[in-house]
Novice: 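Handing you a structure now.
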Amino acid sequence: MAARETGPDVRHHDVEVNGVRLHVAEQGEGPLVVLLHGFPECWYSWRHQFAPLARAGYRVVAPDQRGYARSEQPADVAAYTLPHLAGDVIGLIHALGEERAVVIGHDWGAPVAWTTAMLRPDVVRGVAGLSVPPMLPAGMAPPSVTRQVYGEGFYQVRFQEPGVADAAFGRDLASSFRRVLHSGSGDNPRTRTPRPWVVPEGATLLDTVPEPERLPGWLTEDDIRVFAEEYAHHGSAAFTGGLNWYRNIEANQGLLAAFRGRTIDMPALYVGGSRDMVQGLRGIDKVLASLDRVAPRLHRSVVLDGCGHWTQQERPDEVNTHLLDFLEHVG
């Protein structure tokens, strides 16, 4: 089982949060650190962080977020808004018997982390985002904007149609993970000039990202097997929960409109990669240049040269060094 992949000290259990059963993996004792994965990932994305953070004296908890892997997958598409997801983080912290925590997110987990910190500074005592910087209040630009910038083929726009991407991703789980993880990696020659995924008419995202001839050095066939096994819990709907997050990006704008102008008011850290597709988004340079205004207590903003989108998997040693430095700073 996947638990063995990260060593015997990683404990797996379920927690009921806001009426949704979440699977969590945890290791260590001490101040709580919550690790939030992105798409298409799960707790296993943090396999390289458990032991180093636990050895440093932290209680490290990585949930499968709602809709993903071993966690429950609500049927209602509207159950995947950012307020729901931030509510899960707060509920999880309290269900674990803690009052406060440091929250760290990657990819989609980063907007959840930033939003949770914005909404609940009484609970989040430090926040870090990998790959995706804070774009408050709603995490990212909505499809009504991105389709004007990138066209109808922008992957987030394509993901809006229920069932289509779900079926494509679900056809062969192992192949989907190999394709997507390699495609977004800094090892893919195409990421030397980072750009977001744009899908031609009549195709799916997977049609544009072929099977790699070989996996990058940071990713093994055993890793692919674990991801596929974790996702197999939901059968043909393996990716639907995660895709439903994308189907609420537009709704998030209205739900969080009252918080426009709020900032991140606790210690913060940003870590990205120079070959990450996020670095190719239009206007991202202005977002990164304004980090210290959005997060006035920004500890550090780091861009890892040559790193792609899967930050903590591609560069675990460097990421762990920055996370431990940040956690010590938070105290």
Side-chain angles (χ1 to χ4, degrees), residues 31-36 38 49 53 58 82 85-86 89-90 100-142 145-146 149 186 194 196 249 252-253 256-312 314-315 318-331:
L32 179 61
V33 178
V34 178
L35 305 176
L36 304 174
Q49 282 68 53
L53 271 59
Y58 298 97
L82 268 175
L85 303 173
V89 177
I90 298 302
R100 306 186 75 202
V102 174
V103 180
I104 300 168
H106 166 257
D107 182 76
W108 249 116
V112 177
W114 298 123
T115 301
T116 305
M118 177 189 73
L119 296 174
R120 293 301 302 271
D122 57 320
V123 176
V124 179
R125 61 191 193 90
V127 60
L130 310 183
S131 177
V132 181
M135 292 178 272
L136 303 179
M140 59 188 73
V145 171
T146 54
V149 177
I249 297 175
N252 290 334
Q253 308 299 312
L256 294 167
F259 299 93
R260 191 164 287 114
R262 287 283 294 269
T263 54
I264 303 294
D265 295 328
M266 67 287 296
L269 169 71
Y270 171 73
V271 181
S274 67
R275 293 186 177 180
D276 188 338
M277 67 184 79
V278 171
Q279 301 291 324
L281 292 172
R282 196 169 302 176
I284 198 68
D285 53 338
K286 295 178 181 177
V287 172
L288 293 175
S290 67
L291 279 181
D292 57 351
R293 294 195 295 277
V294 176
R297 297 178 64 185
L298 182 70
H299 174 60
R300 190 163 291 159
S301 174
V302 181
V303 176
L304 304 176
D305 187 44
C307 183
H309 184 63
W310 316 107
T311 327
Q312 77 275 25
E314 294 186 47
R315 298 290 184 83
E318 291 170 81
V319 169
N320 291 345
T321 296
H322 288 298
L323 292 181
L324 289 168
D325 170 69
F326 176 63
L327 290 168
E328 184 177 358
H329 170 72
V330 174

Novice: Are any of the side-chain heavy atoms of Arg125 and Pro31 separated by less than 4.5 Å?
Specialist: yes
Novice: Can you tell me if Thr311 uses its side chain to pair, donor with acceptor, with the backbone of Gly272 under 3.5 Å?
Specialist: no
Novice: Can you tell me how far apart CG (Asp107) and NE2 (His309) are? Round to the nearest 0.5 Å.
Specialist: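 Atom-to-atom, Asp107:CG and His309:NE2 are 3.5 Å apart.
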Novice: Output the distance between atom CG (Leu304) and atom CG (Leu130), rounded to the nearest 0.5 Å.
Specialist: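 Here the rounded value is 9.0 Å.
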Novice: I would like to know whether Thr116 and Leu85 meet side chain to side chain contact (heavy atoms under 4.5 Å, CB included); could you show each step before the answer?
Specialist: CA-CA 8 Å; Thr116 305; Leu85 303 173; over 6 Å; no
Novice: Using side-chain heavy atoms (C-beta onward) and a distance below 4.5 Å, is Asp265 in contact with Arg297?
Specialist: no
Novice: Can you name the closest pair of heavy atoms from Arg100 and Asp122 and give their distance?
Specialist: NE-O, 3.2 Å
Novice: With sequence neighbours excluded, tell me which residues meet side-chain contact (heavy atoms from CB on, under 4.5 Å) with Ala268.
Specialist: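 side-chain contact (heavy atoms from CB on, under 4.5 Å) check on Ala268 returns Trp114, Val127, Ile264, Ala295, Leu298.
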Novice: Would a 4.5 Å heavy-atom cut-off, applied to side chains only, mark Val123 and Val89 as touching?
Specialist: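 Val123 vs Val89: side chains apart.
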Novice: With a 4.5 Å cut-off on side-chain heavy atoms, are Val112 and Leu82 touching?
Specialist: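 Of all side-chain heavy-atom pairs linking Val112 with Leu82, at least one is under 4.5 Å.
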Novice: Looking only at atom types and distance, does a side-chain atom of Gln253 sit under 3.5 Å from a main-chain N or O of Met140, one as donor and one as acceptor?
Specialist: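 Judged by distance alone, yes, a pair lies under 3.5 Å.
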Novice: What is the minimum heavy-atom distance between Val132 and Ala110, and which atoms define it?
Specialist: O-CB, 3.5 Å
Novice: Supply the atom-to-atom distance Tyr58 OH to Leu327 CG, rounded to the nearest 0.5 angstrom.
Specialist: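 Here the rounded value is 4.5 Å.
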Novice: Taking atom types as modelled and ignoring hydrogens, do the side chains of Ser131 and His106 form a donor-acceptor contact shorter than 3.5 angstrom?
Specialist: no
Novice: Enter the distance from Met266:CE to Met118:CE here, rounded to the nearest 0.5 Å.
Specialist: 10.5 Å
Novice: Work out which heavy atom in Ser274 is nearest to a heavy atom in Val303; give both atom names and the distance.
Specialist: N-CG1, 3.5 Å
Novice: Considering non-hydrogen atoms only, spot the tightest contact between Ile284 and Val278 and give its length.
Specialist: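 Heavy-atom minimum between the residues: CG1-O, 3.6 Å.
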Novice: Yes or no on side chain to side chain contact (heavy atoms under 4.5 Å, CB included) for Ile104 and Gln312, after CA distance, side-chain angles and deciding distance?
Specialist: CA-CA 11 Å; Ile104 300 168; Gln312 77 275 25; over 6 Å; no
Novice: Between the side chain of Glu314 and the main-chain N/O of Cys307, is any donor-acceptor distance below 3.5 Å?
Specialist: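 Not confirmed, Glu314 side chain does not pair with Cys307 backbone.
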Novice: For a 4.5 angstrom cut-off between non-hydrogen side-chain atoms, does Asp325 reach Arg300?
Specialist: yes
Novice: For Ser301 versus Leu291, what's the shortest heavy-atom pair and its separation?
Specialist: OG-CD1, 3.4 Å
Novice: Please examine the side chains of Val271 and Arg315, heavy atoms only from C-beta on, and report whether any two atoms are closer than 4.5 Å.
Specialist: no
Novice: Checking side chain to side chain contact (heavy atoms under 4.5 Å, CB included) for the pair Leu119/Leu256: CA distance, chi angles, key distance, verdict?
Specialist: CA-CA 10 Å; Leu119 296 174; Leu256 294 167; 4.3 Å; yes
Novice: Does Asp305 have more than 12 heavy atoms from other residues, nucleotides or ligands lying within 6.0 Å of its CG?
Specialist: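 Counting neighbours around CG of Asp305, 12 or fewer heavy atoms of other residues, nucleotides or ligands fall under 6.0 Å, so no.
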Novice: Determine the minimum heavy-atom distance between Val287 and Met135, stating which atoms define it.
Specialist: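 Scanning both residues completely, I find the closest heavy atoms to be CG1-CG, 3.9 Å.
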Novice: With a 4.5 Å heavy-atom cut-off, do Thr115 and Phe259 have their side chains touching?
Specialist: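 Thr115 vs Phe259: side chains apart.
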